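Worksheet: one structure, shown below.
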Amino acid sequence: MRAQQGAITTTDLGGIKLLQGAGANVLSMHGSDGALMVDGGLAANSAALLDAVKAATGNDRVSLLIDTHGHAEQVGANAAVGAAGGRILAHEKTRMYLSSRVYAMDGKRRLAPVEPLPDKARPTESVRGEGTLQFGGRRVDYGYLPAAH
């Protein structure tokens, strides 16, 4: 599941932008202090994705990245966003997964170690259940869906 650099497309969903081609669907939205992103694609595509987010939102940085879960195709932009001073929000279980050595099935259906993300790439804020935040003058609702994955 690897996208080629520059193959990222943007669709306007009425103020929220859908970006596809970075390894996962990514949502972005303009904010007064930087963009909001939901998920970050694969690390190999993070530079192209961040450029596309900046172009789509008119922002020069990502101020908030929300990780929906800890798979590689969701957290690829974490390192760049964290290093640039952006906040990273995730469920508490995702934060723990990304901060610890875990074992997951590899492509050959064997358990393989997955190392923790570097400190700057880990979520800086975590939530446990439902909530609401304000971003860019809009209300953003979030929640935990235990059977969603």
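Any value given below was found using the heavy atoms of this structure, including those in side chains, with hydrogens, waters and symmetry copies removed. Treat the numbers as computed from the prediction; the structure is a model and nothing was measured. Heads up: numbering here begins at 1 and tracks the sequence.
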Q. Where do L27 and L18 land on the side chain to side chain contact (heavy atoms under 4.5 Å, CB included) test, with the steps shown first?
A. CA-CA 5 Å; L27 295 172; L18 169 65; 4.1 Å; yes
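Side-chain atoms of T124 come within 3.5 Å of backbone atoms of I88 as a donor-acceptor pair (strictly under, hydrogens ignored). Within the 3.5 Å criterion, the main-chain N or O of G31 finds a donor-acceptor partner in the side chain of N59. No donor-acceptor pair under 3.5 Å is formed between the side chain of N45 and the backbone N or O of L49. Judged purely by atom type and a 3.5 angstrom limit, R61 uses its side chain to pair as donor or acceptor with the backbone of D33. R95 places no side-chain N or O within donor-acceptor distance of the main-chain N or O of A90, the cut-off being under 3.5 Å.
For D12, the side chain to side chain donor-acceptor pair (under 3.5 Å) criterion is met by K17, not counting sequence neighbours.
By the neighbour-count criterion of 12 heavy atoms within 6.0 Å, atom CD of E115 is densely surrounded, having more than that number from other residues, nucleotides or ligands. No more than 12 heavy-atom neighbours from other residues, nucleotides or ligands sit within 6.0 angstrom of NZ on K120.
Note that CD of Q74 and CG of D39 are 4.5 Å apart. Values are rounded to the nearest 0.5 Å.
Taking the six-membered ring where the residue is Trp, H71 and Y97 present perpendicular rings, their angle passing 60° and hence far from 30°.
Residue D67 is tested with L98, V38, L89, L117 for a side-chain contact (heavy atoms from CB on, under 4.5 Å); the sole match is L98.
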